[in-house]
Amino acid sequence: MYGWIWRHMPGNTLVKAAISVLLVLGLVYLLFTYVFPWAEPLLPFGDVTVDGNGDGAVG
């Protein structure tokens with residue numbers, strides 16, 4: 001799949017590398033700006049199961 005994308009991108013190797021970096025940076029920006037904030041309330045990170053008695057005993 002990546003070979004197909006690389007072959008169909010315009011330009012020489014340097015231009016293709018620059019376009020690839022820009023695409024990856026754009027994808028990371030979109031993920032951190034829109035996708036992760038949308039998905040965060042749906043994830044169970046706030047549901048902790050640690051007992052709060054503080055004695056450090058297991059079980």
Side-chain angles (χ1 to χ4, degrees):
M1 178 177 93
Y2 298 114
W4 182 88
I5 294 170
W6 187 261
R7 283 190 306 272
H8 287 83
M9 291 174 73
N12 59 12
T13 303
L14 184 60
V15 173
K16 289 180 182 184
I19 292 171
S20 297
V21 168
L22 289 174
L23 287 174
V24 168
L25 289 176
L27 178 64
V28 169
Y29 173 78
L30 288 174
L31 285 173
F32 277 99
T33 304
Y34 298 106
V35 177
F36 294 155
W38 168 81
E40 192 267 333
L42 305 173
L43 299 174
F45 294 134
D47 300 337
V48 294
T49 58
V50 177
D51 189 12
N53 62 9
D55 63 0
V58 177

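Not measured: the values here are computed from a predicted model.
Apart from Leu14 itself, the hydrophobic cluster it occupies contains nothing, where clustering links Ile, Leu, Val, Met, Phe, Trp and Tyr at side-chain heavy-atom distances under 4.5 Å.
Scanning all heavy atoms of the two residues, the minimum distance from Met9 to Lys16 falls at O-CE, 3.3 Å.
Here the side chains of Ser20 and Ile5 are not in contact, with every heavy-atom distance at 4.5 Å or above.
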Side-chain donor-acceptor pairs of residues 21-42 under 3.5 Å, sequence neighbours excluded:
| residue | atom | partner | partner atom | Å |
| --- | --- | --- | --- | --- |
| Thr33 | OG1 | Tyr29 | O | 2.7 |

